Amino acid sequence: MLLNLRLTMESGQPPEFLWQRRGSRYFRMLETRAELWQEGGKLRYSGCSHEYVRRMLRLGDELEEIYGVLCRDEVLSRAVRSFRGLRLTLSDPWETLVAFLCSVNSNIPRIKRCVQAIMGMAGGRMPAPEVLVEAELKHARLGFREKFIRRSAAMVAEGALYGIEKLDFQEAKRELMNLPGVGEKVAECVLLFGYGFLEAFPVDVWIARAMRHYFGVAPRRIASFAERWEPYQGYAQQYLYMLAREELKP
DNA sequence: CCCCAGGTTGTAG
DNA sequence: CTACAACATGGG
């Protein structure tokens with residue numbers, strides 16, 4: 001089983017915000033305290049089921065097949081060489097939505113602080129939407145994101161996420177973008193990391209930078225250009241994101 | 001003081 | 001339709 005747990009858990013995906021690292025282990029509260037680690041390449045876990053881990057780390061994805069698609073160009077080949085074993089992850093849609101509402105015009109360390117502050121109010125668990133609506137959030141220092149999160153929580157409490165997983169990608173994206181604070185980028189992140197739509201290709205500043213620098217592609221043409229990696233645009237995006245952060249530091 | 005961060009929104013042209 | 005300042009906060 002090809003897996004680099006550390007890369008996967010610390011690559012700007014929801015688990016980086018939802019889990020905490022102690023030494024080389026990762027933990028969070030689920031029904032009880034869950035823990036994840038790797039010993040000699042072998043994945044170990046406690047406090048959660050095998051099915052849970054398999055789903056969150058997408059262990060069913062055939063990385064070698066995916067690499068075959070990504071490696072059609074030299075840039076992604078280099079990214080695959082550098083980040084072999086990095087997997088996409090799948091988290092709870094509501095948790096994913098909150099995390100990426102926190103991500104708006106922010107940075108990884110602060111996103112994590114915000115998410116952990118929100119979960120800290122509920123014993124380390126993500127508060128249910130109807131709880132978050134009424135919660136005192138000043139202490140989480142969410143800034144202008146607080147009203148987005150509160151208003152989105154109200155809509156989710158009224159069923160805004162119900163049935164999203166049954167829609168096709170474009171319909172689901174349109175639905176998500178009805179939520180306050182959810183634009184194209186956040187919607188695609190939720191679809192990719194919270195619903196598992198591998199055709200999603202979220203465009204943040206790093207991806208925009210990478211597409212221009214490596215491929216000479218302007219922002220408007222990114223989505224269609226990314227079709228070269230179909231049906232694994234989401235994987236291409238994650239590897240490109242990591243490569244850009246390593247090679248294109250401003 | 002400046003600019004940037006896994007952006008979105010409202011407004012003006 | 002496109003362009004762009006404002007939005008809160010913290011780090012560099």
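Lettering of chains follows the sequences in order, A, B, ..., and the numbering in each one begins at 1. As the structure is a computational prediction, the values presented were derived from the model and not from experiment.
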(message) Over 60° means perpendicular and under 30° means parallel, so tell me whether A:W206 and A:Y241 are parallel, tilted or perpendicular.
(response) perpendicular
(request) Using atom CZ of A:F144 as one end and atom P of C:dC7 as the other, report the distance to the nearest whole Å. (result) 11 Å
Is [X] near enough to [N] that one of its side-chain N or O atoms lies under 4.0 angstrom from OP1 or OP2?
X: A:R209; N: B:dA5; result: yes
X: A:R220; N: C:dA3; result: yes
X: A:K147; N: C:dA8; result: yes

(request) Considering only atom C1', compute the distance from C:dG11 to B:dT8 and round it to an integer number of Å. (result) 22 Å
(request) Measure from the side chain of A:R145, starting at C-beta and using heavy atoms only, and say which of C:dG10, C:dA8, B:dG7 lies closest. (result) C:dA8
(request) Would you mind telling me which of C:dG10, B:dA5, B:dG7 lies closest to the side-chain atoms of A:W206? (result)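 So the nucleotide nearest the side chain must be B:dA5.
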(request) Let me know which of A:F83, A:W229, A:Y232, A:Y239 forms a ring-ring contact (aromatic ring centres under 6.0 Å, His included) with A:Y67. (result)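 Testing A:Y67 for a ring-ring contact (aromatic ring centres under 6.0 Å, His included) against A:F83, A:W229, A:Y232, A:Y239 leaves exactly one candidate, A:Y239.
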(request) State whether the distance check finds a donor on one side and an acceptor on the other, under 3.5 Å, for side chain A:R141 versus base C:dT9. (result) no
(message) Looking at the base of B:dA5, is there any donor atom on it, or on the side chain of A:D204, that sits under 3.5 Å from an acceptor on the other one?
(response) no
(message) Does A:E130 have more than 12 heavy atoms from other residues, nucleotides or ligands lying within 6.0 Å of its CD?
(response)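 Counting other residues, nucleotides and ligands, CD of A:E130 exceeds 12 neighbours.
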